[in-house]
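Down below is the structure, laid out as structure tokens.
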Amino acid sequence: MTVPRLEIELKKIGHNVKELRNLFGYKGISVTAVTKAVLGSPEIANILVEGGINSIGDSRIANISKMRKAGIEAQFILIRIPMVNETENVVRYADISLNSEISVMKQLSKYAVEQGKNHKVVLMVEMGDLREGIMPSDLEKTVEETICLESISLVGIGTNLACYGGIKPTEEKMQRLSSIANDIQNRYGIKLEIVSGGNSANYEWFMTTDDIGLINNLRIGEAILLGCETLHRREIHNLYTDAFTLIGEVIELKIKPSLPYGEVCQDAFGNVPKFENKGYIKRAIVGLGRQDVDTTGIKPRMEVEVLGSSSDHLILNIKDSDLKVGDEIGFDVNYSALVRAMTSPYVKKMYL
Ligand SMILES: *Cc1c(COP(=O)(O)O)cnc(C)c1O
């Protein structure tokens, strides 16, 4: 079989999405399943829809258009605030987009009129993580401008935390978002269908809060795909954390010293590497490198140690294992490794 390859167990993803939908649904929160880490894979989107998802979020309009063309039936949300440059396609392919710039929404409005469509927008509110979002003090003005735009409907507000600044979605921040939603509804006499409190990092808040306020939606990617929350990367009870397995093949296996010998200069990536002396060890090279995966984000499924990597080689200390040249090794992937493996043209994706 082709190596390297990423084996994707669709049943496990299906199980995770059903569990999470039930869990969040129990307190009245809907799940928008986020497919950006899997490049909008139609096979995975299909499993999400079978698991009861009717709202799919992706950061790339290309992924959304791919899923639509594959016949996936769901409401599609563009979750990266759009580029002016892509607004025509945003209106064409996405039902909803997250936004923070009025100049961009004016373009969305122009194309919505042109295409005879109504495009829905969710305004993102900055709450401390310092990625996308309107400063709360500027929100009123933006709301007023947005509701005046032709063929644009303001359907909600949202926030995103724990992505850039690592800021935790606390009870206090969620209450604040709720109260902002409440103020907008009262002041403008509109109903916000969507109050989207965040992403997989909101799990802990959700589990501990006894009042979700007006929050009625979360945009969940990693928890569905990898079975963990994202503040501490703790496993979520009852979910599979091994739906994805990266597989590589051993291409060299020799007993060699643990310390490189000669004059130490820079490695392939401009770093001066440091090593620990463990005497002679059993070393394996796997035909897998940084062009395939974020090698710092993979964990062997057997008792071997990753020593390092270059673009095309992964170096292991295989300890007492009886691996041979030509054997395959499976690895767990973290989010970063998953994204890189999905993106790499060298890694074959195999759906099981
Ligand atoms: C990536 C992203 C998500 C999903 O995050 P996960 O940690 O994968 O759950 C949600 N919202 C926005 C705006 C994102 O960019």
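Counting convention: from 1, in listed order, for ligands and their atoms alike. Throughout, numbering of the chain's residues begins at 1 and tracks the sequence. Since the structure is predicted, the reported quantities are computational estimates derived from the model, not experimental observations. Heavy atoms only: backbone and side chains are in, while hydrogens, waters and symmetry mates are out.
- Within 4.0 Å of ligand 1, the residues that place a heavy atom are V34, K36, I79, R131, E132, N160, N199, S200, R219, I220, G221, E222, listed by chain and number.
- Evaluation of the side-chain hydrogen bond (donor to acceptor under 3.5 Å, both in side chains) rule for E86 yields no partner, not counting sequence neighbours.
- Aromatic pair F76/Y93: ring centres not closer than 6.0 Å.
- The only option from N186, I180, N182 that meets the side-chain contact (heavy atoms from CB on, under 4.5 Å) definition with I184 turns out to be I180.
- The two residues A74 and R68 make their nearest non-hydrogen contact at O-NH1, 4.4 Å.
- For N46, there are no side-chain hydrogen bond (donor to acceptor under 3.5 Å, both in side chains) partners at least two apart in sequence or on another chain.
- Applying the ring-ring contact (aromatic ring centres under 6.0 Å, His included) rule to H313 yields no partners; only residues at least two apart in sequence or on another chain are considered.
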